[in-house]
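Remarks on the structure that follows.
The model shown is predicted, which means the values in this text are computed figures rather than measured ones. Labels below follow one simple rule: chain letters A, B, ... track the order of the sequence lines, proteins then strands, and each chain is numbered from 1.
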Amino acid sequence: DTGVSQDPRHKITKRGQNVTFRCDPISEHNRLYWYRQTLGQGPEFLTYFQNEAQLEKSRLLSDRFSAERPKGSFSTLEIQRTEQGDSAMYLCASSLALLRRSPNEKLFFGSGTQLSVL
Amino acid sequence: AQTVTQSQPEMSVQEAETVTLSCTYDTSESDYYLFWYKQPPSRQMILVIRQEAYKQQNATENRFSVNFQKAAKSFSLKISDSQLGDAAMYFCAYRSASQGGSEKLVFGKGTKLTVNP
């Protein structure tokens with residue numbers, strides 16, 4: 001299967017600890033997105049990369065959150081000093097976008113990382 | 001800011017019957033895209049259907065079709081000949097197509113669809 005891969009699938013941590021998630025996009029995709037989904041809600045946008053450049057960040061992404069995509073391949077999302085409110089599923093998606101606002105851009109989502117902060 | 005509202009938290013349908021899921025949205029933009037995504041228990045979001053706002057013709061994908069009413073800002077999904085595999089959470093989503101607009105998808109809260117055998 002060459003879809004979007006996220007690791008780990010589940011993460012349990014104690015409040016105040018740092019956590020890091022990894023996303024491996026489909027290999028030829030140039031865009032990579034991070035979303036957060038809490039129980040009973042739809043996904044909320046966090047940030048996205050075009051190759052290695054982080055082009056947009058949500059106001060939801062506080063100073064405790066940082067995302068990187070070195071060399072335009074995989075991406076990591078780190079949360080420092082986790083809080084109980086960070087408990088959510090973190091979704092990654094990738095796409096091949098040849099133009100800005102391409103109508104044919106199709107996002108492929110991973111299965112997410114479920115974070116529980118105790 | 002754009003918002004997407006799904007007023008039906010849960011819906012159910014008998015196998016082989018037709019069901020319609022509702023979605024309304026709010027935006028001041030004239031150029032945008034609308035989507036329906038399916039999220040099965042595996043958690044992986046899957047694109048079901050897409051509509052470009054400048055197109056008057058409603059999109060169709062096999063058993064899935066939409067009723068796009070731009071003036072009313074309504075975008076409903078019709079699933080015909082429902083199958084057990086259609087059971088999932090369905091999310092309506094909006095994306096700007098305007099120059100300078102955000103690249104993000106704005107999702108509704110979702111509708112849980114149950115298909116009864």
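- There is a path of hydrophobic side-chain contacts, each under 4.5 Å, that joins Ile79(A) to Leu61(A).
- Of the atoms belonging to Glu56(A), it is side-chain heavy atoms, and not backbone ones, that fall under 4.5 Å from chain B.
- A donor and an acceptor atom, one from each side chain of Glu103(B) and Gln50(A), are nowhere located under 3.5 Å apart.
- Only the side chain of Gln39(B) comes within less than 4.5 Å of a heavy atom of chain A; its backbone N, CA, C and O stay farther away.
- The environment of CZ in Arg15(A) is sparse: at most 12 heavy-atom neighbours from other residues, nucleotides or ligands sit within 6.0 Å.
- Residues Leu34(B) and Leu47(B) fall into different hydrophobic clusters, defined by Ile, Leu, Val, Met, Phe, Trp and Tyr side chains chained together at heavy-atom separations under 4.5 Å.
- Two residues are said to be in side-chain contact when any heavy atoms from C-beta on lie closer than 4.5 Å; Met45(B) and Pro43(A) meet this criterion.
- By the rule that hydrophobic residues join a cluster once side-chain heavy atoms approach within less than 4.5 Å of another member, Trp36(B) and Met11(B) end up as members of one cluster.
- When all heavy atoms of Arg31(A) and Arg95(B) are compared, the closest pair comes out as NH1-NH2, 3.3 Å.
- Under a 3.5 Å cut-off, the side chain of Tyr33(A) and the backbone N or O of Leu105(B) do not form any donor-acceptor pair.
- Counting heavy-atom pairs closer than 4.5 Å to chain B, the top-ranked of the candidates Phe45(A), Tyr35(A), Phe108(A), Phe109(A) is Phe109(A).
- Linking ILVMFWY side-chain heavy atoms closer than 4.5 Å, directly or via other members, places Leu32(A) and Leu60(A) in a single hydrophobic cluster.
- Note on Leu39(A) and Leu115(A): separate hydrophobic clusters, where clusters join Ile, Leu, Val, Met, Phe, Trp and Tyr whose side-chain heavy atoms are under 4.5 Å apart, directly or indirectly.
- For Gln114(A), the parts lying under 4.5 angstrom from a heavy atom of chain B are both the backbone and the side chain.
- Atom NZ of Lys70(B) is surrounded by more than 12 heavy atoms from other residues, nucleotides or ligands within 6.0 Å.
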Practice problem: Take Tyr37(B) and Leu107(A), measure what side-chain contact (heavy atoms from CB on, under 4.5 Å) needs, and give me the verdict at the end. | Solution: CA-CA 10 Å; Tyr37(B) 279 87; Leu107(A) 269 65; 4.0 Å; yes
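- Between the side chain of Arg43(B) and the backbone N or O of Leu91(A), no donor-acceptor pair lies under 3.5 Å.
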